[in-house]
Amino acid sequence: MTILFNDQLIARDEARVDVEDRGYQFGDGVYEVIRVYGGHPFCLGEHLDRLERSAREIRMPLPYSREKTEQLLLQLIETNQLKDGYLYVQITRGAAPRDHAFPSKSEPVLTAYGVESQRPTDLMKNGIRAITQEDIRWLRCDIKSLNLLGAVLAKQAAVDAGAQEAILHRNGTVTEGSATNVFIVKDGTLWTHPANHLILHGITRAVTLKLAEKEGIPVREEAFSLEDLRSADEVFITSTTKEIVPVVEVDGVPVGTGQPGLVTRKLQQAFEQRIGVTV
Ligand code: PLP
């Protein structure tokens with residue numbers, strides 16, 4: 001596999017990361033996961049906007065201009081002949097003698113690689129089971145940082161319970177999933193947590209909200225409670241790799257009829273059309 005290491009395309013085996021890289025020691029860096037459909041990156045501009053914002057928020061300079069980063073990622077897709085899958089892109093503050101404070105001298109390190117993977121059509125069709133978990137993450141979930149232990153522990157709790165996602169809440173207010181945004185449908189209205197510091201501003205979330213508007217589905221970007229979640233007619237999650245996936249069971253209790261709902265289906269169809277237009 002050919003990967004991107006800073007601005008060089010090299011064999012994966014040839015990449016060397018310093019043991020004192022701050023991403024490795026402190027999770028001091030940011031990342032993006034970008035979907036590739038038919039060899040084309042989906043919403044690349046939005047992902048690069050978010051990458052730039054995340055880097056700015058942690059006061060980390062990016063190694064290359066927007067144009068150069070874009071060009072390098074397109075070369076990565078081309079070189080690997082990536083058709084359907086995703087790119088993982090991460091940038092750390094680089095290597096320096098271990099100290100929590102920013103080093104006076106360090107060069108950011110970019111690594112990126114492509115993964116061939118199909119759309120999870122089974123999950124989209126049949127839905128998934130979710131559990132609820134206290135959201136123990138920090139208070140800047142809007143930054144797509146490498147610190148993912150809160151998400152790792154939540155997702156593992158879901159897997160241990162035989163579920164596929166953990167829906168997080170802070171004192172009974174639903175925020176998002178361990179690696180997804182969460183939506184509910186109640187009396188025909190779509191609800192999702194506002195895009196503030198408590199959630200990642202998902203690209204798929206934003207696309208879904210636009211599609212809902214086009215479809216004439218009323219939307220409320222307002223926080224909702226665990227009780228709202230449990231009494232919702234429909235629940236679904238969104239992410240770059242999952243797109244729109246219905247949640248048919250929460251903590252062992254069926255959501256609505258226990259089948260993916262009509263609003264979810266409508267949005268899934270609209271999403272497929274949106275991808276069709278882009279590819
Ligand atoms: N929320 C969290 C915590 C995530 O980690 C992710 C994606 O990994 C998302 C939401 C979904 O974001 P996106 O649609 O940009 O993939």
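Indexing begins at 1, ligand by ligand and atom by atom, following the structure's order.
By the 4.0 Å N-to-carboxylate-O rule, Arg66 lies close enough to Glu52 to be salt-bridged with it. Between Lys144 and Glu32 no salt bridge is recorded (no basic side-chain N to carboxylate O distance below 4.0 Å).
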Check: residues 1-9 side-chain donor-acceptor pairs under 3.5 Å, at least two apart:
{"from": "Asn6", "atom 1": "OD1", "to": "Leu110", "atom 2": "N", "distance (Å)": "2.9"}
{"from": "Asp7", "atom 1": "OD2", "to": "Lys68", "atom 2": "NZ", "distance (Å)": "3.1"}

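Of the N and O atoms on the side chains of Gln156 and Asp160, at least one donor lies less than 3.5 Å from an acceptor on the other residue.
Screening residues 199-217 for salt bridge (charged side-chain N to carboxylate O under 4.0 Å, His left out) gives Arg205-Glu221 as the qualifying pairs, with residues at least two apart or on separate chains.
For Thr180, the side chain to side chain contact (heavy atoms under 4.5 Å, CB included) criterion is met by Glu165, Ile237, Ser239, not counting sequence neighbours.
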Show me a pair-per-line table, with atom names and distances to 0.1 Å, of protein N or O atoms that are under 3.5 Å from an N or O of ligand 1.
{"from": "ligand 1", "atom 1": "1 (N)", "to": "Glu176", "atom 2": "OE1", "distance (Å)": "2.6"}
{"from": "ligand 1", "atom 1": "8 (O)", "to": "Lys144", "atom 2": "NZ", "distance (Å)": "3.2"}
{"from": "ligand 1", "atom 1": "14 (O)", "to": "Ile203", "atom 2": "N", "distance (Å)": "3.3"}
{"from": "ligand 1", "atom 1": "14 (O)", "to": "Thr204", "atom 2": "N", "distance (Å)": "3.0"}
{"from": "ligand 1", "atom 1": "14 (O)", "to": "Thr204", "atom 2": "OG1", "distance (Å)": "2.6"}
{"from": "ligand 1", "atom 1": "15 (O)", "to": "Arg50", "atom 2": "NH1", "distance (Å)": "2.8"}
{"from": "ligand 1", "atom 1": "15 (O)", "to": "Arg50", "atom 2": "NH2", "distance (Å)": "3.0"}
{"from": "ligand 1", "atom 1": "15 (O)", "to": "Ile203", "atom 2": "N", "distance (Å)": "2.8"}
{"from": "ligand 1", "atom 1": "16 (O)", "to": "Thr240", "atom 2": "N", "distance (Å)": "2.9"}
{"from": "ligand 1", "atom 1": "16 (O)", "to": "Thr240", "atom 2": "OG1", "distance (Å)": "2.6"}

